[in-house]
Student: 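Got a structure here, written out as structure tokens. Questions coming.
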There are 2 protein chains.
Amino acid sequence: MTPDLENTAPRTAVQRTTKQREAVREALADTEGFVSAQALHSQLQRAGSTVGLATVYRALGTLAAAGDADTLQSPEGEALYRACSTGHHHHLICRNCGLTVEISADSVESWAQQVAAEHGFTRAAHVVDVFGLCAECSADGRRPVE
Amino acid sequence: MTPDLENTAPRTAVQRTTKQREAVREALADTEGFVSAQALHSQLQRAGSTVGLATVYRALGTLAAAGDADTLQSPEGEALYRACSTGHHHHLICRNCGLTVEISADSVESWAQQVAAEHGFTRAAHVVDVFGLCAECSADGRRPVE
DNA sequence: GTTCTAAATGAGAACGATTGTCAATCTCAC
DNA sequence: GTGAGATTGACAATCGTTCTCATTTAGAAC
């Protein structure tokens, strides 16, 4: 039945809605700022869920691929995720307390496109994030760890 | 003995010049584009050096800390290094063949500073890199691995 | 040149994040 | 309700990186 649907979604295998994936999605949505998969996993376990770590990774990967989650590499090399509904944007992150501010940067977007085009690059994506000390941490006067 | 010397150099331990560190520095300088520590290590071994992997990591860490090397996280989470003498700049990297083009971006620099300042952030640093397919790889028409 | 001390090294174990494997479970179209 | 196959969880495997520690070595003092 409805054989033309094949045309609509020929490549993507059917994706089922499972409690686990929903749990991950919600946990992510409830979290401010970026979290690592590991952190999200323990958070879920603390909340009584029995999701496995591998499942959390898979769910986050799926969310990120679908554009429902934002992902970036922390300076330590850990992958961080964040629920993301407002389309493409970048972040201003406090390296002391982790505070994250979403920033949109049209000028940077077009700059990236232009630079890529100038050099003949196609399918350009870009990584633009600003790390610093937020006002509060700056005021603390404490030097950051590093 | 000479107790007042403690006053002269209390914190920085003496740094010795060793063949290994020099070898790493040179290998890095001879390399175009970004290399991973692992790649640099095998390259050194192929060249006959006996440096250990841990030493390569230590040397790269030192170079990066001293500002003599550039470092960034690849999307795969690997740390990449590059000799860097031309001050602050960013990169346009082909995700298929690894070709790297240095790009300077005054507009982005000032934008980052401004955005940080707007939100009260201090000591701002930023990560700005553009990934794409270089002209050649685009022409190949082959879809990238991912 | 010889001696001495602490920095640096190398080998490999340890570590932490992530991915793969696979039998068991659960969703959903029928 | 039933069945096919997507998804799961537990854990092993992998990969990049760091740590440990006995040994070597650079560089200052003699």
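Quick note on labels: first sequence line is chain A, next is B, and so on, each numbered from 1.
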Student: Report yes or no: is there a donor-acceptor pair, N or O only, under 3.5 Å between the side chain of Arg16(B) and the base of dA6(C)?
Tutor: yes
Student: For Gln15(B) and dA6(C), give me the distance from atom CD to atom P, rounded to whole Å.
Tutor: 18 Å
Student: So, Lys19(B) and Glu22(B), do they make that salt bridge, N to O below 4.0 Å?
Tutor: no
Student: Round to the nearest Å and state the distance from His41(B) atom NE2 to dG12(C) atom C1'.
Tutor: 12 Å
Student: In whole angstroms, how far is the P atom of dG16(D) from the CZ atom of Phe34(B)?
Tutor: 18 Å
Student: To the nearest Å, give me how far apart OH (Tyr81(A)) and C1' (dT18(C)) are.
Tutor: 9 Å
Student: Is it possible for you to say whether Val24(B) and Tyr57(B) belong to one hydrophobic cluster, with membership spreading through side-chain heavy-atom contacts below 4.5 Å?
Tutor: no
Student: Step by step, work out the side chain to side chain donor-acceptor pair (under 3.5 Å) result for Glu118(A) and Gln114(A).
Tutor: CA-CA 6 Å; Glu118(A) 261 172 29; Gln114(A) 182 195 323; 3.1 Å; yes
Student: Identify which nucleotide among dT9(C), dA26(D), dT18(C) has an atom closest to any side-chain atom of Lys19(B), counting heavy atoms from C-beta outward.
Tutor: dA26(D)
Student: For the pair made of CD in Glu22(A) and P in dT8(D), what is the distance, rounded to whole Å?
Tutor: 11 Å
Student: Pick one: which of Leu60(B), Thr55(B), Leu53(B) meets side-chain contact (heavy atoms from CB on, under 4.5 Å) with His41(B)?
Tutor: Leu53(B)
Student: Rounded to the nearest Å, what distance is computed from the CG atom of residue Leu53(B) to the P atom of nucleotide dA13(C)?
Tutor: 14 Å
Student: Heavy atoms only, 4.0 Å cut-off, all strands: where does Arg58(A) land among base, sugar-phosphate and nothing?
Tutor: base
Student: Base, sugar-phosphate alone, or nothing: which one does Gln38(B) contact when heavy atoms must sit under 4.0 Å apart?
Tutor: base
Student: Give Thr17(A) one of three labels, base, sugar-phosphate or nothing, depending on what nucleic acid heavy atoms sit under 4.0 Å from its own.
Tutor: sugar-phosphate
Student: State whether Tyr57(A) places a side-chain N or O below 4.0 Å from either non-bridging phosphate oxygen (OP1 or OP2) of dT19(C).
Tutor: no
Student: Roughly how many Å is it from CG in Leu60(B) to P in dT18(D), rounded to a whole number?
Tutor: 10 Å
Student: Does the side chain of Thr55(A) get closer than 4.0 angstrom to OP1 or OP2 of dT8(D) through an N or O atom?
Tutor: no
Student: Would you say Thr18(B) places a side-chain N or O within less than 4.0 Å of OP1 or OP2 belonging to dT9(C)?
Tutor: yes
Student: Using whole Å, report how far CG of Leu80(B) lies from C1' of dC15(D).
Tutor: 14 Å
Student: When you get a sec, tell me which of dT18(C), dG10(C), dG9(D) is the closest nucleotide to the side chain of Gln20(B)?
Tutor: dG10(C)
Student: For Arg16(A), is there any backbone N or O sitting under 3.5 Å from a side-chain donor or acceptor partner on Arg21(A)?
Tutor: yes
